[in-house]
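Remarks on the structure that follows.
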Amino acid sequence: MNPDVKQRINQLRQQIDQHNHRYYVLDDPEIPDAEYDRLMRALQDLEAQYPESITPESPTQRVGAEPLSAFTQVEHRAPMLSLNNVFNENEFADFDRRIRERLSGESVRYSVEPKLDGLAISLRYEQGRFIQAATRGDGQQGEDVTQNVRTIAALPLRLLGDDWPEILEARGEIFMPKNGFERLNQKQRDLGEKTFANPRNAAAGSLRQLDPRITATRPLALFCYGVGEVIGHEMADTHSGNMALLKNWGLPISPELKILSSVADCQAYFEVIGAKRDALAYDIDGVVFKIDRIAQQHQLGSVARAPRWAIAQKFPAQEELTQIEAIEFQVGRTGALTPVARLQPVFVGGATVSNATLHNMDEVERKDIRVGDVVVIRRAGDVIPEVVRSLPQNRAANAPKILMPSHCPVCGSAVIRPAGEAVARCSGGLSCAAQRKEAIKHFASRKAMDIEGLGDKLIEQLVDLDLVHSPADLYQLPADTLASLERMGAKSADNLIAALGKSKQTTLGRFLYALGILGIGETMAAHLATELGSLEAIQNLRLRDLIEIKPSQAKNLQKALQTAVTSDQPLNKTPPPDTLKWCQTAHLQMLAERFSTLDELLNASPEQVANQPRLKIEGVGHVLAEKLVTFFQQPHNREVIDRLLALGIQWPAPTNAATEAKLAGLTFVLTGKLQQPRDQYKQQLIALGAKVTGSISKQTDYLVAGEAAGSKLGKAQELGVKIIDEAGLTVMLNV
Ligand code: I6G
């Protein structure tokens with residue numbers, strides 16, 4: 001092989017290994033995924049041309065072996081221990097006291113990190129090369145899962161650098177990140193295959209595949225948390241020092257690892273990680289505390305297969321069994337009917353749960369849930385409790401299936417489920433008390449009109465007592481009526497009236513969002529407000545202002561409709577032809593503004609049928625356009641808006657375009673802890689024409705860095721993005 005080719009192959013392998021390290025270990029990718037894929041393809045092409053160059057450690061060789069018929073057993077050189085558990089602060093304090101007694105009062109530091117909900121693994125490297133992976137098994141003997149583990153992209157097939165032990169056994173946890181788990185289950189559903197109950201089961205199932213090609217398709221990841229056998233290298237005198245060595249050799253370790261000393265600090269960490277739990281990319285079930293000094297670990301030793309120098313403090317169970325007593329349907333703001341399970345109360349995830357969402361009827365059918373079933377309930381942090389699965393073994397043979405009611409349980413209007421949609425809706429609109437309550441809660445909410453003191457319970461009373469039919473009624477409530485309500489009084493009534501008064505001074509974006517138009521979130525509302533500048537402009541939008549039909553599309557549409565019965569049928573009653581994917585009801589609605597019948601449309605030239613929209617608003621396609629235009633066409637919506645304006649709701653008049661869009665074209669990223677809510681800044685920036693995104697790239701103009709700004713700050717420095725603090729942002733917003 002020509003030396004240049006050999007050099008190029010080595011260079012590509014090194015580059016790929018380096019990028020893997022940055023991505024999986026440093027959590028700081030340097031190049032986009034597409035560039036990484038290009039490097040990999042270049043290496044694959046060269047290796048195909050020069051097969052003699054292929055080595056087992058090449059990053060292309062992760063799926064190396066043929067399917068196995070069974071896993072072989074591996075004897076662990078040093079036993080793989082498990083951890084003892086504690087379940088509350090007192091038990092942890094007892095553990096800490098015992099440790100300090102055994103260490104005769106020496107000072108103690110803990111190395112702490114979250115406890116991943118995955119599978120323990122031993123990884124063996126010889127001369128820097130990955131050679132074996134084994135499961136924990138019974139602690140003495142595990143299963144050889146080398147061929148599967150080598151498919152995990154986060155695992156280095158070669159240790160980085162050249163100063164590593166002759167033999168290194170790293171230990172850690174293999175897990176499946178939550179987003180990968182969701183994707184995998186979706187794929188399984190699409191293929192009609194069995195889904196996994198949780199990420200841990202999915203990781204276990206993936207690791208126990210006999211065919212490594214299947215494991216290679218599964219999104220597994222890895223963090224190391226310890227070392228087993230080490231030969232030929234001096235290790236650190238602390239656990240955290242050993243973790244730093246593993247990291248330098250390219251093995252991923254938890255980014256949450258900290259060193260702490262007191263029980264109080266350890267418990268504060270436990271609380272912080274508990275609060276972060278739902279936001280983490282992977283499932284955890286507690287926090288592990290380890291004595292950091294290795295000499296102290298040796299002094300403490302282990303008992304009955306668990307070290308004395310480590311303890312896991314577990315979060316309260318997130319899953320429990322209970323029974324479904326009834327299934328009811330809740331009506332939301334948009335009329336969507338959500339099946340809700342009423343449960344025999346059960347303590348789960350730190351709270352007593354007696355209701356759980358069943359999301360929609362597709363979920364009810366997929367999970368085959370019936371009244372009386374024993375079910376697994378999951379409650380994770382602040383997430384709404386949900387029914388994970390039913391255990392139908394003891395179900396009565398005649399337990400009926402759950403059916404969507406044909407009429408709204410609140411107002412009796414017909415329930416409609418459009419073909420192909422998962423959601424069924426009550427057709428009662430604001431005549432339905434449930435929809436009215438939710439619409440008013442939305443109107444009053446923080447990101448909308450921000451009416452302080454108008455809570456959900458109060459809104460429910462106001463609607464139930466027929467005091468409020470529309471948001472406009474809120475502003476005409478007499479103080480004495482408010483004072484007479486449950487849990488109110490003269491003072492609260494006065495405060496609420498003052499808050500209502502204050503809310504009248506708002507922004508166009510907030511007002512638009514508060515109206516609760518389907519599909520218009522706070523960001524889109526602010527965007528429309530900046531793009532169009534006034535409520536009149538938004539109210540007067542026509543579909544033809546927003547929807548495009550090209551002449552070639554117009555021709556195809558005419559052809560497709562020709563086969564429909566030609567008649568004087570009104571166009572808005574004509575269903576869009578199935579043969580044209582792009583053509584939806586919105587397109588025909590729009591044409592109905594210009595042609596009164598199908599005949600008229602068919603007799604026009606394609607150029608006359610084509611439509612060049614007056615406006616191009618980013619993010620507004622035909623679905624949103626139809627919702628927006630239809631909303632403002634409804635006389636009762638217009639009426640409510642007119643009343644609100646007459647009652648004094650107002651926002652700053654659009655200033656001249658130059659000032660209004662003074663941050664137009666600039667892209668901002670906000671990171672770290674800020675004094676004011678991030679949402680507030682986001683709205684202000686958008687209102688001034690700026691774009692706010694979640695990640696730093698070369699396109700970012702400013703990074704607003706609050707306290708404890710993390711990796712985004714580093715990335716911004718690297719890319720030369722301007723960095724400002726909160727004070728700087730305030731100046732930019734106010735000049
Ligand atoms: O099962 C485990 C999970 C996490 C562990 C562990 C761990 O540290 C973060 N550490 C040890 C020492 C053991 N099992 C035995």
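In this chain, residues are counted from 1 in sequence order. For ligands, and for the atoms within them, numbers begin at 1 and follow the listed sequence. Atoms considered below: every heavy atom in the structure, side chains included; atoms not considered: hydrogens, waters and symmetry mates.
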Just checking Q393: does its CD atom have more than 12 heavy atoms from other residues, nucleotides or ligands closer to it than 6.0 angstrom?
yes
For the aromatic rings, using the six-membered ring if either is Trp, is the centroid distance between H21 and W249 under 6.0 Å?
no
Which atom pairs, nitrogen or oxygen on both sides, join ligand 1 and the protein at under 3.5 angstrom?
unit_1   : atom_1 : unit_2 : atom_2 : d
ligand 1 : 8 (O)  : K290   : NZ     : 2.8
ligand 1 : 10 (N) : K290   : NZ     : 3.0

Does atom CZ of R208 have more than 12 heavy-atom neighbours from other groups under 6.0 Å away?
no
Check salt bridge (charged side-chain N to carboxylate O under 4.0 Å, His left out) between K682 and all other residues, then give those that pass, not counting sequence neighbours.
none
Have a look at F270 and tell me which of F92, F315, F289 forms a ring pair (Phe, Tyr, Trp, His ring centres under 6.0 Å) with it.
F315
Option from Y225, F181, Y282 for which ring pair (Phe, Tyr, Trp, His ring centres under 6.0 Å) with F175 holds:
Y282
